[in-house]
Structure formats: structure tokens, C-alpha cells
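One structure coming up, written as C-alpha cells, with questions to follow.
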Amino acid sequence: MPQLVFSRGSQPLFQVKVQSSSIKIGRSESCDVVLGDPDISREHASLFNIEGAYLIKKEGKREVFINGEELKEQPKPLREGDEIQIGSWLAKFGAGFDQADLEVTQGGGNSASQKTQAVASSRGFLVQNLSLQLSHPSQGTSLYPLTEGTLTLGADEQNNIVLDDPYASGRHLKLVIKGDEVSLFDLGSTNGTFVNEVRVQQALLEPGMRVKIGQCVLQLIEEDQIESIKPIETNEFCGLVGASSKMQELYGMLSRVGPTEATVLILGESGSGKELVSRAVHALSPRNQGPFIALNCGAISKELIESELFGHEKGAFTGAGKQHEGSFGQAKGGTLFLDEVGELPLDLQPKLLRVLENQTYRRVGGSQELKSDARIVAATHRDLSELVKQGRFREDLFFRLFVLPMYLPALRERMEDLPLLAEAFLKEFSPSGHAKQLSEETLLKLMSHTYPGNVRELRNILLRSVLLSKEEMIKPEEIFFADSYKSNPDESVISGIEKLEDMERKLILKALVAHKWNKAKAAESLGIAKSTLFSKIKLYELDDPKRKAS
């Protein structure tokens with residue numbers, strides 16, 4: 001029976017058996033083969049059978065190539081071994097593929113619309129050495145050991161694995177585990193099941209394939225990988241503080257991921273410490289002797305973000321008096337941390353995707369292809385999969401970034417770490433050898449708060465208390481939360497806040513003067529991102545006296 005084997009790059013991804021008189025290929029969900037690719041027409045091409053001969057016809061306006069030659073308006077007969085190029089996909093037509101090289105499963109479908117998608121598997125494995133890894137942008141990662149039998153997944157509570165996801169159907173899919181095979185079957189879900197970015201009805205899974213259900217991502221993980229991601233039982237790891245199980249799992253993940261060159265995506269709420277995690281990745285990597293460059297994509301205007309990322313040539317735009325290297329150039333041999341990557345403008349996202357795929361970029365106003373030599377660590381507090389659905393974030397960039405996701409829990413999810421964090425902050429803020437203490441009542445007051453601002457909020461609360469407290473022991477009445485100032489604020493508290501802002505201004509000015517207004521060095525000495533320093537300079541209206549003089 002004729003069949004098509006679809007590939008991207010050199011990796012066969014799925015096979016379609018041509019079982020009906022015609023099949024349509026395109027981006028629309030009404031097609032028999034659905035390719036989720038914006039470069040493909042809704043109905044791109046069709047295959048049909050006329051008295052035993054198979055022909056291909058272009059349906060959309062975009063090109064179809066047969067063995068490298070563009071297909072014109074007239075249908076063309078297909079022969080064994082013909083290669084059909086549709087967008088970035090390559091489909092090989094024939095009937096005699098080597099099943100030892102390409103294990104496949106036949107797709108299902110109804111007689112009216114016979115969708116025959118199936119995903120290829122190219123090697124065997126032992127089910128007893130596998131676990132199912134379930135990742136969610138806001139809920140972290142869970143592992144489920146696999147045994148022979150059937151597993152159902154969906155939003156309903158009667159499923160074996162319940163998916164807390166608004167885009168998951170009640171009974172979304174089932175996995176059939178038998179012998180050395182794990183087969184996936186979509187159970188007629190509303191929003192579909194995607195394997196390696198292709199919507200499928202049935203698939204034979206192997207380790208490394210990515211199954212996407214709404215915001216959830218499933219992967220088969222082999223035992224040797226699982227064993228290497230064990231929690232590390234410590235109270236502190238690479239500058240991170242916490243002894244909760246969630247933090248110790250994060251430490252284990254960092255120890256595994258840090259020494260690699262892979263792209264990392266850090267997920268977590270604002271103020272939870274994502275930059276600290278990125279610095280830990282850098283410290284554990286072979287690039288730790290190279291620079292660590294942090295760029296907040298949400299703190300720079302849309303007009304300047306491209307120049308900040310890629311640099312610009314002299315004269316590229318008004319005010320470009322000299323060449324600017326950009327963050328990619330500055331991070332050569334090191335790590336580039338893209339904070340709040342979800343804020344990156346949509347028209348700039350293809351350029352970032354190009355760097356991730358080809359490791360090349362161009363400066364603004366330049367024509368020379370430059371080689372990137374920076375490891376990318378990105379972070380966001382946003383739900384990127386939701387932004388993809390809204391058309392505000394490219395799906396292909398999402399998948400490029402979502403290689404090794406790490407979820408950093410909010411402070412309210414690890415309140416048992418608060419005493420350790422408080423102790424660390426008090427040591428940092430107190431004069432050397434005279435660390436202030438928290439009374440038991442003060443600690444109870446701190447533990448009762450919900451911390452919408454996360455660890456950053458706790459840090460500011462304790463810094464404020466150290467500045468305002470005159471005794472070695474900080475009392476409960478010397479702890480003030482943000483909502484304390486909404487009504488009838490105490491005048492002494494307000495004056496304390498003003499003193500704190502004044503102190504921050506003086507500290508920043510001191511660092512700038514000490515480093516002769518070199519903002520990069522000043523930010524590094526203060527332990528903050530350069531973009532944060534820029535915003536503080538603007539807030540406190542600081543300026544280099546030499547610039548004013550000129």
C-alpha cells in the first residue's frame with residue numbers, strides 16, 4: 001500500500017498510509033494530514049488515485065516541490081521514492097520502506113475524512129525502564145513510572161492521570177503500554193493532541209518525542225535520565241536558599257542541566273528569584289569563566305530592544321554615533337540571560353529564533369553574518385503557551401525555548417523556607433558580626449503573610465526592618481507589609497520608607513562614581529541587572545556630571 005513518510009531535517013517524524021482515493025495535506029484541521037506550520041497553506045496539496053496511479057496537485061498559493069522541481073498547476077504522477085517538499089516538511093512517497101528502520105502505526109479516522117496521521121518510532125526500548133514526565137508552565141514537573149496496561153489522561157477525575165488544564169478534554173487520550181511499545185490514542189479531544197508539533201490521532205511513542213495537550217507537555221524519560229535528576233538535600237545551592245522538597249528538586253535539575261550547553265527556560269512568578277537560577281546555571285556550566293549578560297526584555301523600549309540584543313552599526317539610525325556590540329556580542333563565550341522573554345515584540349521573535357536555530361545574527365544596519373557563541377537562558381512569569389494561542393508569541397520559538405524548563409516555586413508554595421531566607425537576608429543587611437534576630441512573634445507574623453511579591457518582597461520587608469529597628473531583636477511592630485500603608489499610615493513608617501529610597505539612591509550613585517559611570521560594572525558590583533540599573537538611574541534622575549558639563 002502506498003505511503004508517505006514525513007520528515008523535518010533528517011529525522012522521520014510520522015508516516016501516512018494512503019488508504020483512501022484522496023488525501024489533503026495542509027494547516028487546516030479539516031485536512032487529512034494536519035501540519036501545524038504557518039508557512040503552509042490551509043489546504044496546501046492533495047494526493048488522489050486514478051485507476052491505480054497516484055497524482056499530486058497543488059491546492060494553495062504556496063509552492064510544492066517534487067524532487068527539487070516546483071509543481072505547477074497541473075497534477076503530476078508520483079513514482080516510488082519521489083520526495084515532496086511542502087514548507088519545511090519533506091514527504092517521501094513509496095511502498096517499500098524498511099520497517100526495521102521505521103516502526104509505524106496506522107492511523108485511524110472515519111470514512112468521510114480519513115485522518116491517517118501516525119508518528120514514527122525508530123528504535124526499541126524496555127517499558128520497565130521508562131517513566132512518563134508531565135510538565136506544566138505553572139505546576140512544575142511530575143514523573144509517573146510506566147507498567148503494562150492502559151493509562152487515560154484528561155480533565156475528569158476518573159482518569160489515571162488528571163490534567164489540570166483548561167484546554168484538556170474530559171477524556172483526552174489514552175496510552176497503551178504493551179511489551180516494548182507505548183501507543184498513544186487521542187480520544188476525540190476538542191483541542192487535539194500534538195506530537196512533535198503535528199496533530200495526531202494515533203502514535204507510537206519513544207523517548208524524546210514531545211506530546212502537547214493544551215499547556216501540558218508529556219515525554220517518555222528513560223531510567224538513566226531519571227536517576228541523574230535526584231533531589232539534592234541541602235539548605236543552599238549556588239546562591240539559592242531553601243530546604244523544601246521543591247527547591248531540592250530544583251537543585252537536582254540544576255546539577256544535571258547546568259553543565260550542558262542546552263537552552264534553559266525558567267518559569268516562575270515575578271520576584272521568585274529567576275535571575276538567581278540563571279546565574280546558578282552559568283556558574284555550573286563550562287562557560288562560567290565567560291561573561292554573564294542579563295537583558296530584561298520587558299524593561300527596554302520596542303525601538304531599542306533589537307539594538308540591545310544584536311547590536312548596531314555606526315550610523316544605523318539617528319543617534320547611533322558608534323558601533324554597539326549588543327548583548328549577543330557581549331555574551332561571547334558565556335551566558336546570555338533573557339529575562340521576561342514573553343515581553344519580546346512579535347516582529348523581533350523570528351530573529352531570536354534564527355539565532356537559536358543557526359547561531360547567526362546581524363547587527364542593526366549591518367550585512368555581515370555574525371556567529372553567536374552564547375548559551376541562552378530565558379525566563380518569564382507569563383504563560384507562553386497561552387500567549388501562543390493569543391498570537392502574541394510564536395509557537396516555533398516557544399518549542400525552541402521549551403527544551404529544559406525549570407519551574408521556580410512561589411514563596412507561598414515553600415513557606416518552610418522562609419526562616420532560612422530571613423536568616424540569610426538579615427546576615428546580608430546587618431553590620432558585620434552584628435546580625436539582627438527575629439523574635440518568635442516576628443517570625444510568626446512573617447509566616448502569616450501571602451507574599452504576592454515573593455522572595456523579593458520578603459527581602460525588602462527585612463531590609464526596611466533592619467534600617468528602622470534600633471534593637472538587635474526585630475519586633476513584630478517593626479515588620480510592615482505593603483498593604484499596611486493603604487489606610488492611616490504611621491508617620492514614622494513613611495519617613496522610614498523615604499530614608500530607604502534615599503539610601504538606595506546614594507548606594508547606586510556611589511557605585512556609579514566608583515566605576516567612573518561604567519554602568520555595566522556598577523550593575524555587576526551592585527548585583528543587579530544592567531536594565532534594572534538603567535531604570536533606577538531614570539527613577540532617581542541620576543546623570544554623569546561629565547555629560548552634563550559637555
Side-chain angles (χ1 to χ4, degrees), residues 36 38 135-141 165-167 194 197 210 212-217 250 257 262-279 281 292-310 326-328 331 335-357 361 374-411 413 452-456 528-532 534-535:
S135 300
H136 190 281
S138 63
Q139 297 163 28
T141 300
D165 189 301
Y167 302 101
F194 295 81
E197 304 178 48
R210 302 169 59 81
K212 192 164 184 289
I213 304 167
Q215 301 171 59
C216 297
V217 176
L250 178 65
V257 170
T263 299
V264 175
L265 179 64
I266 305 167
L267 306 164
E269 296 180 8
S270 295
S272 56
K274 297 187 290 295
E275 183 167 342
L276 279 177
V277 176
S278 71
R279 289 183 179 275
V281 172
F292 176 89
I293 303 297
L295 182 71
N296 189 325
C297 300
I300 302 172
S301 68
K302 185 179 179 181
E303 293 74 21
L304 295 177
I305 184 68
E306 183 175 1
S307 171
E308 284 298 315
L309 263 178
F310 306 115
S327 296
F328 271 100
T335 301
L336 175 58
F337 173 51
L338 299 178
D339 197 8
E340 296 304 343
V341 72
E343 310 300 325
L344 198 66
L346 192 61
D347 58 353
L348 195 56
Q349 291 175 23
K351 296 183 180 182
L352 176 58
L353 177 66
R354 182 172 180 240
V355 183
L356 292 173
E357 289 184 335
Y361 66 97
R375 182 185 186 178
I376 303 300
V377 178
T380 181
H381 76 282
R382 293 190 176 276
D383 182 347
L384 291 185
S385 59
E386 183 60 33
L387 294 183
V388 169
K389 287 183 172 62
Q390 296 171 5
R392 296 164 59 192
F393 201 84
R394 286 180 64 105
E395 186 176 40
D396 45 9
L397 178 56
F398 170 76
F399 281 114
R400 271 290 176 182
L401 292 172
F402 204 82
V403 176
L404 289 170
M406 292 187 190
Y407 176 65
L408 182 58
L411 180 54
E413 298 175 40
N454 287 296
V455 178
R456 182 188 295 136
I528 61 175
K530 190 166 68 173
S531 57
T532 303
F534 284 140
S535 64

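Note that the coordinates shown come from a computational prediction; the quantities given were computed from them, not determined experimentally. Every heavy atom of this structure was used, including side-chain atoms; hydrogens, water molecules and symmetry mates were not.
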Check: Q215 side chain, Y167 main-chain N or O, donor-acceptor pair, under 3.5 Å: no
Is there a side-chain contact between F398 and K212, using heavy atoms and a 4.5 Å cut-off? yes
One pair to check against side-chain contact (heavy atoms from CB on, under 4.5 Å): V377 and L336. What are the steps and the verdict? CA-CA 6 Å; V377 178; L336 175 58; over 6 Å; no
Is the side chain of R375 donor-acceptor paired with the backbone N or O of A262 at a distance under 3.5 Å, no angle test? yes
State whether the side chain of N454 and the backbone N or O of R456 hold a donor-acceptor pair below 3.5 Å, judged by distance alone. no
Assess the residue pair H381 and S272 against the criterion (side-chain contact (heavy atoms from CB on, under 4.5 Å)); give the C-alpha distance rounded to whole Å, side-chain angles, the decisive distance to 0.1 Å, and a yes or no. CA-CA 9 Å; H381 76 282; S272 56; over 6 Å; no
For P409 against Y407, the heavy-atom pair lying closest together: CD-O, 3.5 Å
Which pairs with one or both residues in residues 265-275 pass salt bridge (Lys or Arg N to Asp or Glu O under 4.0 Å), sequence neighbours excluded? E269-R412, E275-R279
T263 side chain vs L401 backbone, donor-acceptor pair below 3.5 Å: no
Check A379 against F337 and note the closest heavy-atom contact, atom names and distance. CB-CE1, 3.5 Å
Which heavy atom in G273 sits nearest to a heavy atom in L408, and how many Å separate them? C-CD2, 3.3 Å
Could you give me the CA-CA distance, side-chain angles and deciding distance for D165 and I213, then say whether side-chain contact (heavy atoms from CB on, under 4.5 Å) is met? CA-CA 9 Å; D165 189 301; I213 304 167; over 6 Å; no
Spacing of E308 atom CD and I293 atom CD1 [to the nearest 0.5 Å]: 11.0 Å
Point-to-point distance, once rounded to the nearest 0.5 Å, from SG of C297 to CG of L352: 8.0 Å
Evaluate the criterion side-chain contact (heavy atoms from CB on, under 4.5 Å) for residue pair L397 and L384; output intermediate values, then yes/no. CA-CA 10 Å; L397 178 56; L384 291 185; over 6 Å; no
Pairwise distance CG(L304) to CZ(F534) - rounded to 0.5 angstrom: 10.5 Å
Side-chain touch T335/V281, heavy atoms, less than 4.5 angstrom: no
Which pairs count as salt bridge (Lys or Arg N to Asp or Glu O under 4.0 Å) when at least one residue sits in residues 377-390, sequence neighbours excluded? E343-R382
Sorted by chain and residue number, the ring-ring contact (aromatic ring centres under 6.0 Å, His included) partners of F328 (sequence neighbours excluded) come out as F310, Y361
Is any side-chain heavy atom of V264 less than 4.5 Å from a side-chain heavy atom of I266? yes
If you measure from CG on L344 to CG on L387, what distance do you get to the nearest 0.5 Å? 11.5 Å
OG of S278 to CG of D339: how many Å apart, nearest 0.5 Å? 7.5 Å
Side-chain contact test, heavy atoms from C-beta onward, threshold under 4.5 Å: evaluate it for R394 versus L346 and give yes or no. yes
Side chains of L338 and L309: does their closest heavy-atom pair fall under 4.5 Å? yes
